[in-house]
Amino acid sequence: MTIDLNLSEDQRQILDAARNLLEARFPIDRLRNPGADPMEDIAAFGALGLALPEEAGGSGFGVTDEVLLHVEFGRHLVTPAALAGAIAARAARELGLASLMQRIIAGDARVALALRNGDDLTLLAPGGAALAVSWGAGSASLLDLSGAGLSDEQSIDDSLRLARSPADALPFLGSVHSPNLALLAELLVAAQLLGMAEATRDMAVGYAGVRQQFGQPIGAFQAVKHHCANMAIATEIASAQLSMAALVLGNEQPDAAFQVASAGHLAQRAALGNARLNIQIHGGFGFSAECDAHLFLKRAHAFRLAGTRADLLAHTAPLTHLTRS
Amino acid sequence: MTIDLNLSEDQRQILDAARNLLEARFPIDRLRNPGADPMEDIAAFGALGLALPEEAGGSGFGVTDEVLLHVEFGRHLVTPAALAGAIAARAARELGLASLMQRIIAGDARVALALRNGDDLTLLAPGGAALAVSWGAGSASLLDLSGAGLSDEQSIDDSLRLARSPADALPFLGSVHSPNLALLAELLVAAQLLGMAEATRDMAVGYAGVRQQFGQPIGAFQAVKHHCANMAIATEIASAQLSMAALVLGNEQPDAAFQVASAGHLAQRAALGNARLNIQIHGGFGFSAECDAHLFLKRAHAFRLAGTRADLLAHTAPLTHLTRS
Amino acid sequence: MQLDLTEADLAFRRSAREWLAANTPGEPAPHDGIAAREFALDWLRRRHAAGWAGIGWPEAYGGRELPPERLVIWYEEYARARAPSLLDPTFVSLNHAGPTLIACGTPEQKAFHLPRILSGAVLWCQGFSEPESGSDLASLRTSAAVDGDELVINGQKIWSSYADIAEYQELLVRSEPGSQRHRGLSWVICDMRSPGITVRPIRNMAGETHFAEVFYDNVRVPLSNVVGALHDGWNVAMTTLGFERKTAAMGLQLALSVKIEELIALARPRPGSALAERLGDLRAQAAGLRALTWRTQFRAPATAFDGSLVRLVFAELSQQIHRAAMDILGPDMLAHGPWSHAYLEAYSETIAGGTAEIQRNIIGERILGLPRGGAR
Amino acid sequence: MQLDLTEADLAFRRSAREWLAANTPGEPAPHDGIAAREFALDWLRRRHAAGWAGIGWPEAYGGRELPPERLVIWYEEYARARAPSLLDPTFVSLNHAGPTLIACGTPEQKAFHLPRILSGAVLWCQGFSEPESGSDLASLRTSAAVDGDELVINGQKIWSSYADIAEYQELLVRSEPGSQRHRGLSWVICDMRSPGITVRPIRNMAGETHFAEVFYDNVRVPLSNVVGALHDGWNVAMTTLGFERKTAAMGLQLALSVKIEELIALARPRPGSALAERLGDLRAQAAGLRALTWRTQFRAPATAFDGSLVRLVFAELSQQIHRAAMDILGPDMLAHGPWSHAYLEAYSETIAGGTAEIQRNIIGERILGLPRGGAR
């Protein structure tokens, strides 16, 4: 078949390995004792150079493989520094900063994720970061944090710290015009959001199957059952579109920008909608800090802010599958 | 009490009389044999001059009373010519066209409702109409249909005919700048929409209580029960706001424009949302022409088009109750 | 995962595009009655004559046994050409009855019916729903008593599309007296010209009469018309359900995408406006729905329940699109026309073939494994 | 129907406005703990000293017995002055416990407790929910055994706001052993300093600890602390519910309106933009909610179930407003601040005091008269 949406053997292996790592080292429980996620583990896994060519020190996998990995990262609420590192490594390479790229891939140069906020930047996971990455409108930029003397603060998410700075206070290491890199960043954000949507769907369904009220599991009641069905629908459509966008971007097809924007839109909706319903289904417990539900909500907001809200009418939406040539 | 939202004795009497008339002469069933609604009955009831002063040939009631009447009209899907007549009579009076006003109030001059559609007008219920009324942006206009030679056509609603004409092809009888009259027209449109929302809520609840599936009334299932609850919520909030807007407009309080715009917004939502849910709750039968559900949907669309979509940020939304002085 | 079309695929696309450009009917399809029948059959016959009917069907019955990639390309080109809606009177023949016979029919049933279906010689209709068993299909009561080598059918069906203009009906009946729920049903081929059948068309809210009630008064059907095993009709019907929600889905979805693009062209929304966001959201949803359908086609394992999810997303997206049209087109939507008509027709999407509420139950229970409620 | 304020009403408004302008605390209220207690009680004491506490309460207990018009004016001015949220540690005292005692208490109970509540001498908390009976309040199991002239209480409550800083608790217990559902419950005044009570604060998703679990180990409460008849606690609790959803609703709603106006000022949306439509819709909903509450205040008959509807509309509007804030304020919402805090707190609106799903059941069954499902 020339069209095949099954996982390849390679992909299955990456996923298995990633799941083993994440279950062992990144259980959601770890977030109750906040501290920076160990980037060594992420780097040792090869996550930060997964889709870079082997001659550049990467692992030579494709966009679709990397997307699958970041879905798993989203399920485990891995620090935004992982996504930032993967994008920053590419930006460094395109800027010809080979040794910086190597240090990022190796986990030696930690990268914060910079969100634009008017004339200011909000940096996610700035702790110990040597640089920050931001992107938008077809380009990506690296910022030097080494001399910035940033002081980080607690975010609403106990497990995520942030720092704020005027944008012009942070020196540029370089800015590269690269529509594909910007699209890839959007795609990885969508992947992480999808992972959160999957995890909250699973949490909600699991709880609805065991929590008893009025003499039966609450999942037997249509109101809760239909909430779960809506979570499943939002997740499935976002998941399918994410794969499609990854394939199209990987093939450098002309509709990549539209497909990625659609994936981002659907993933944002799924992650936030599911996070909300998950809290609601967990009731009073869901509103307490003792339940993990709020962690997914807060991270979903952080990652949604990392993704742009693309204008879905700016590109052509193709009716037919477009080929490269 | 200086604030009292109970119906006055007068209002109870008007409502009783209106309900008797409407049940006898305007059952929904009548719409299966399309023909123009008898305007004589409407006129004889005094509906077209209800809130005009007695010295002008009206009945001397207030805005709140007239609103209650038009809610009942909406429940019975009375021809838009009734609303058009009530507005046109006022416009004629403000234009000093006393004899035209008398003919309208008496039901002798039938009035079509003109919807603006770019440079064109769409006339609702043009059959036998001598004139048409339109309003917007603080003014109301009367158009002469006598020489227009309009040919009417079937609308998607078998019980409602319409005609289309370039706006400049219909001679103006006059245009009056009257923000209060335009607000009143919006308010009566909202009243009719609320009546439709009430009727469809009642239809849906009635059917959900008797239609059996899976061995019990479908209203016992949360999905249907919550649809009904949502219909009730939308109706109640629109109803409360309609009364508030009527009182405020009747008192000529400075927040009338905002209150009327809010009433229109909530009534549109209730009428269309309830019409849709009513069809869904009736299932296959609801989709058939044999069920009345579709009539309410189609009329709700027609009346929504008669109301403007006011900019709800254009006015001040008061926090406190504003008094006239 | 891969997504690569070959040169041969592209050649196939060109040939489909050319044929459709030359042959797509220019006039709108009639909505009901004999005119709708003739239009749909004529269009099917033209496709059949040129080798474009049933291109995924086995060659033995007139198809071309093309793989799913080619079907996708065909449906893409079909939508691109603005060809007539697939939801026409041939829909049940081509997408329910035909595939069910291919999956469950006897060699004789297949040999007799499939070529007739594909060549546009006959139309089929469906006979599943009953007045008292709308969403609760398993509660159906139309009876079929075995009498020698015949079934004698009594009862009533409803919402049978195009029953008034069809030659055959796929009919689900209770063949085992006293059986409960899903057990004891049979799926039979019913000749609509049989004595004892009365068809009463029902007008729908869009003003059309493609639905009908069908009454059965001692209608005799040979036992050889049972498809699958006697009393095993539920499983056969579930096969049909799977097909309905899979095979033609691609084409129907792309037709929705065409509508979204038409609306964008009509509305020309200002960037950042509420309308722009709404239309952008519809576009993204349509893209996601297409991706979801590709997934059911090109990823194993796919189940009939995936189809349930796709069907529901399709239904609600279709209604959202038509509602947007209602808001964009203004007073023109009050007059008869293709958009106002499509708007009204779309109300059946969340009702026919299982209400949205039932689809959500299925997703909750069959896909997610949530418990069934005593009452739901 | 009429809506006319008198000169005396307007004078009352001026005096409220002036007092609030001079006395409204300028600093933000602490969220939990002793600081929250002291802030709230201090603010209540100031209002009490100036005659602005319990203005609708009977004069005998320190109130002014003002009619609903005056309460409306007071709440309007309170919101206009951006005075501290009514949902502070005194909320249960002033809006649950106090009104319940007024309605159902003995003369002794009223004489002792009401002045203490109104003067800010004590705080009350609620003890209704239990871990296994969240939405299903009638399934509660905390027991109260009659022993002479005392009740001996054992069990556990949860989601008891400010239990760690309150002197008294309105406690709903099963006083009749083996009783089922709504029967056999009693509503008692529990002194939180009684031996056998353990309070464990629970951190919520906004990072605050105003909720708590309360454990009862042979806690002795005099029978004279039962409010209403022994074993008739369900009816007493339903009274409380009615009050909760009515009296303070006006002030809470106007506080939402203040937030909407603040958002509009912050966002300055372009006319016709998606954001403008969204904020306009919120404004209209807030207006409608206000009108709905006026209706429950000024139209007879009003029932507790009307309150259910108002409560649900309020809860969902509150969440919509805070979601809009999240979208408008961008990355700043990730940092601690009043808006991000309020956004997170708003998640409790559709859970605490009966989930949105339960409220919709109540509307369907009690207001609309639909049948109860075997399982819902």
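Just the heavy atoms: all of them, side chains too, but no hydrogens, waters or symmetry mates, feed the values below. Here is how names work: the chains are called A, B, and so on, in the same order as the sequence lines, proteins then strands, and each is numbered from 1. As the structure is a computational prediction, the values presented were derived from the model and not from experiment.
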| said: Are A:His321 and C:Leu3 packed together at the side-chain level, in the sense that at least one heavy-atom pair is separated by less than 4.5 angstrom? | reply: yes

| field | Which of A:Val224, A:Val205, A:Asp311, A:Thr316 touches chain C most, by non-hydrogen pairs under 4.5 Å | value | A:Val205

| field | Contact origin within C:Val258 toward chain A - heavy atom pairs under 4.5 Å | value | both

| request: Heavy-atom distances under 4.5 Å only: say whether C:Ile260 touches chain A with side chain, backbone, both or neither. | output: neither

| Most chain A-contacting option - heavy-atom pairs closer than 4.5 Å, from C:Gly272, C:Gly364, C:Ala284, C:Ala286 | C:Ala284

| request: Report the option among A:Val248, A:Leu5, A:Leu312, A:Thr64 that has the most heavy-atom pairs separated by less than 4.5 Å from atoms of chain C. | output: A:Leu5

| remark: Between A:Ala229 and C:Leu368 the two heavy atoms that sit nearest each other are N-CD1, 4.0 Å

| task | Using a cut-off of under 4.5 Å on heavy-atom pairs, state which of A:Ser262, A:Ala240, A:Ala314 scores highest against chain C. | result | A:Ala240

| field | Segment of A:Gln11 engaging chain C (4.5 angstrom heavy-atom cut-off) | value | side chain

| query | Is a side-chain N or O of A:Glu236 found less than 3.5 angstrom from the main chain of C:Leu309, in a donor-acceptor match? | reply | no

| Interatomic distance, C:Asp4 atom CG to A:Gln253 atom CD [nearest 0.5 angstrom] | 8.0 Å

| said: Under a 4.5 Å cutoff for heavy-atom pairs, which residue among A:Arg269, A:Gln259, A:His227 has the most contacts with chain C? | reply: A:Arg269

| With a 4.5 Å limit on heavy-atom distance, are the side chains of A:Ile3 and C:Gln2 in contact? | no

| Are any of the side-chain heavy atoms of A:Thr320 and C:Arg13 separated by less than 4.5 Å? | yes

| field | Which atom of A:Ala232 lies closest to which atom of C:Ile363, heavy atoms considered | value | CB-CG2, 4.1 Å

| Proximity breakdown for A:His265 and chain C, heavy-atom pairs closer than 4.5 Å | side chain

| said: Please classify the contact of C:Leu254 with chain A as side chain, backbone, both or neither, using a heavy-atom distance under 4.5 Å. | reply: both

| task | Indicate the atoms forming the closest heavy-atom contact of C:Arg290 with A:Pro318, along with that distance. | result | NH1-O, 4.4 Å

| message | Using 0.5 Å steps for rounding, measure from the CG atom of A:Leu68 to the CE atom of C:Met1. | response | 4.5 Å

| query | Under a 4.5 Å heavy-atom cut-off, does chain A meet the side chain of C:Gln253, its backbone, both or neither? | reply | neither

| Side-chain donor-acceptor pair under 3.5 Å between A:Ser239 and C:Arg295, yes or no? | yes

| note | Between the NZ atom in A:Lys225 and the CD atom in C:Glu365, the distance rounded to the nearest 0.5 Å is 3.5 Å

| said: Using a 6.0 Å cut-off, check whether atom CG of A:Asp119 has over 12 heavy atoms from anything other than its own residue. | reply: no

| What is the minimum heavy-atom distance between C:Ala287 and A:Gln241, and which atoms define it? | O-OE1, 3.0 Å

| Is it the side chain or the backbone of A:Ile218 that comes within 4.5 Å of chain C heavy atoms, both, or neither? | neither

| field | Part of A:Leu313 lying under 4.5 Å from any heavy atom of chain C | value | both

| remark: Most heavy-atom pairs under 4.5 Å with chain A, out of C:Leu289, C:Asp281, C:Ile73, belong to C:Asp281

| A:His226 versus C:Asn361, closest heavy-atom pair with distance | NE2-OD1, 2.8 Å

| Looking only at heavy atoms, what is the nearest atom pair of A:Gly209 and C:Leu370, with distance? | N-CD2, 4.2 Å

| note | Ranked by heavy-atom pairs below 4.5 Å to chain C, first place among A:Asn230, A:Leu242, A:Leu7 goes to A:Asn230

